[in-house]
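Here's the structure we're looking at; comments come further down.
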Amino acid sequence: MYVAVKGGERAIDNAHAWLAEERRGDTSVAELSLAQIREQLALAVNRVMAEGSLFDPDLAALAIKQSRGDLIEAIFLIRAYRTTLPRFGYTLPVETGAMACDRRISATFKDAPGGQVLGPTFDYTHRLLDFKLAAEGEAVEAPTSAPRTEPTPHITEFLQGEDIIEREPSSDAQPGDLTREPMAFPADRSVRLQSLTRGDEGFILGMAYSTQRGYARNHAFVGELRIGTVAVEMEIPELGFAIEIGEVELTECETVNQFKGSKTVPPQFTRGYGLVFGQSERKSIAMALVDRALRWKELGEDNLGAAAQDEEFVLSHSDNIQATGFLEHIKLPHYVDFQSELELVRKLRREAAEAVEQMAAKEAAE
Amino acid sequence: MNTTFSAEDRKSWMGLLASADDARLADLWRAFDHEPAFDWLRAPEAGGVMVRGRMGGSGAPFNLGEMTVTRCALSLTDGTVGHGYVQGRSKAKAEMAAKIDALMQTDAADTLRAMILTPLQEERAAAKEARASKAAATKVDFFTMVRGED
């Protein structure tokens, strides 16, 4: 029960003023600029864009500054902002096969056409703190080599040639849109993917990890992981043709999973898919594993009762803004609720005490 | 006065303007040094578009998330209509894009191409090549391992 309570305005104003002062911190330390956050905390910016579900690095940098680096608070700010934007339309599906790849690796094919391109990765670093970064250093310049000019093909294309992996049925069906209609179950795969790509990285990671540990294990290989930019095109009604309206950085993960076959269909690998805004590698791999686990029904697998197979469980709990809203509201005044509970418990205790007294009186009388 | 151009041409310059750097476009526009008279058909407004992906990269579409876009439309005094559709929230950038789109349909096309579009195109290609060159340097070459044979 929510009851409007007056009072506290001065305390709230002063609390917010102090928040602003604390946000700025020690004024003898230079203030952070949005450009610094955008350029130097790019992976935090990417996470805020992915889970805020809005690709705009400057806005994400502002949200991170405003939230003092609390990324869920920053995501909240972005989600709130995006509801104020008029929707101009839907883009054509991006062509990830035409991605300008900064990174492209396969854990399944060493000699994949296009090669294993590591990109700016943390992999193979020693995870030792680098104290050189504590001091201001010279700008580092990355080595270069003759660039690849042709597009890098998807690795699953090669497997599809042999029909040894399931085909993604090509279609132009209108996908569901969570920002327009609320989630309903059973959810189709388009809605599941939209929900997973903006879901909390920690939650999706935990769910994916649970499948690896044996709760609906699906034996995933990273068939391909690619990070880079793709052009975004949209049909413009007033022009009568599609134009490029910008570019977004994406991370795409395709998993090659345990095969299945039957008397009529020869054994075939299955697939999971992850696609996330920005350089968000952990998230996209986790998304692909959870996508695959949630596909059990359409692939005719058994329901093992695992959490990662339960779409109601996964999709209803993956959104960190819904979760934090409900979780954190319990710290707000619930004086009246609590008052009624308090009275109820007191009444129950009084009744219990009276019952004991009556019992004692009865025994004494006997 | 309108000159001939193909839809493909127009698509290409609008795409180039959409992802141009705001500050760089403003510099080039200033150097062009010609402010055409115009009327708004649609004043600049910032909004969002829902970006779509495909399942497995090639299957059925799904909604990935939104991106910010600013759009506007204007008409020059001779009636030529220009549209601006640009990434981000800069109304100034959308306005420049719409003016360029309109002027590209007039006699100013060659000058604009030389002063704005070609530099943007070249800088974009150079930036892409620079990134591709760095990526290429991180390509694993499994066949250059020293095998101790020589």
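Naming: A, B, ... by sequence-line order, numbering from 1 per chain.
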For the pair [X] (side chain) and [Y] (backbone), establish whether a donor and an acceptor sit closer than 3.5 Å, ignoring hydrogens and angles.
X: A:Thr91; Y: B:Arg52; answer: yes
X: A:Arg82; Y: B:Glu66; answer: no
X: A:Asp102; Y: B:Ala135; answer: no
X: B:Arg54; Y: A:Ser171; answer: yes

Minimum heavy-atom separation for [X] to [Y], with atom names?
X: A:Ser190; Y: B:Pro61; answer: CB-O, 3.9 Å
X: A:Pro143; Y: B:Ala137; answer: O-CB, 3.3 Å
X: B:Arg89; Y: A:Tyr81; answer: CD-OH, 3.3 Å

Other residues, nucleotides and ligands only: do more than 12 of their heavy atoms fall within 6.0 Å of [atom1] on [X]?
X: A:Asp123; atom1: CG; value: yes
X: B:Glu8; atom1: CD; value: no
X: A:Glu298; atom1: CD; value: yes
X: A:Gln160; atom1: CD; value: yes

Which atoms of [X] come close to chain B, meaning under 4.5 Å heavy atom to heavy atom: side chain ones, backbone ones, both, or neither?
X: A:Phe241; value: side chain
X: A:Pro169; value: backbone
X: A:Glu247; value: both
X: A:Leu92; value: backbone
X: A:Glu254; value: side chain
X: A:Arg192; value: neither
X: A:Glu233; value: side chain
X: A:Cys101; value: backbone
X: A:Val94; value: both
X: A:Phe55; value: both
X: A:Thr121; value: neither

Candidate list B:His83, B:Arg10, B:Lys11, test side-chain contact (heavy atoms from CB on, under 4.5 Å), partner A:Ile243, passing option: B:Lys11
Taking side-chain contact (heavy atoms from CB on, under 4.5 Å) as the criterion, tell me which of A:Val191, A:Leu275, A:Asp188, A:Asp177 meets it with B:Phe62. A:Leu275
Specify which of [options] makes the most heavy-atom pairs with chain B at under 4.5 Å.
options: A:Val248, A:Asp58, A:Leu85, A:Val230; result: A:Leu85
options: A:Gly246, A:Ala100, A:Ala231; result: A:Gly246
options: A:Thr255, A:Ile245, A:Thr96; result: A:Ile245
options: A:Arg271, A:Met234, A:Arg189, A:Glu252; result: A:Arg189

Can you tell me which of [options] forms the most heavy-atom pairs within a distance under 4.5 Å of chain A?
options: B:Ser133, B:Gly59, B:Ala136; result: B:Ser133
options: B:Gly65, B:Gly47, B:Ser12; result: B:Gly47
options: B:Gly15, B:Gly56, B:Ala46; result: B:Gly56
options: B:Gly57, B:Ala132, B:Ser19; result: B:Gly57
options: B:Lys128, B:Met14, B:Met55; result: B:Met55

Between A:Glu238 and B:Arg71, is there a salt bridge with N-O shorter than 4.0 Å? no
With a 4.0 Å cut-off, would you call A:Glu249 and B:Arg131 a salt bridge? no
Under 4.5 Å from any heavy atom of chain A - which part of B:Val49: both
Check each atom of B:Lys134 against the heavy atoms of chain A and say whether the ones under 4.5 Å are side chain, backbone, both or neither. both
Drop me the distance from B:Lys139's NZ to A:Arg104's CZ, to the nearest 0.5 angstrom. 9.0 Å
Euclidean distance, A:Glu95 CD relative to B:Ser58 OG, rounded to 0.5 Å: 9.5 Å
State, with a plain yes or no, whether a side-chain heavy atom of B:Leu64 is found less than 4.5 Å away from one of A:Leu250. yes
Within residues 193-201 of chain A, which positions have a heavy-atom distance to chain B below 4.5 Å? A:Leu193, A:Gln194, A:Thr197
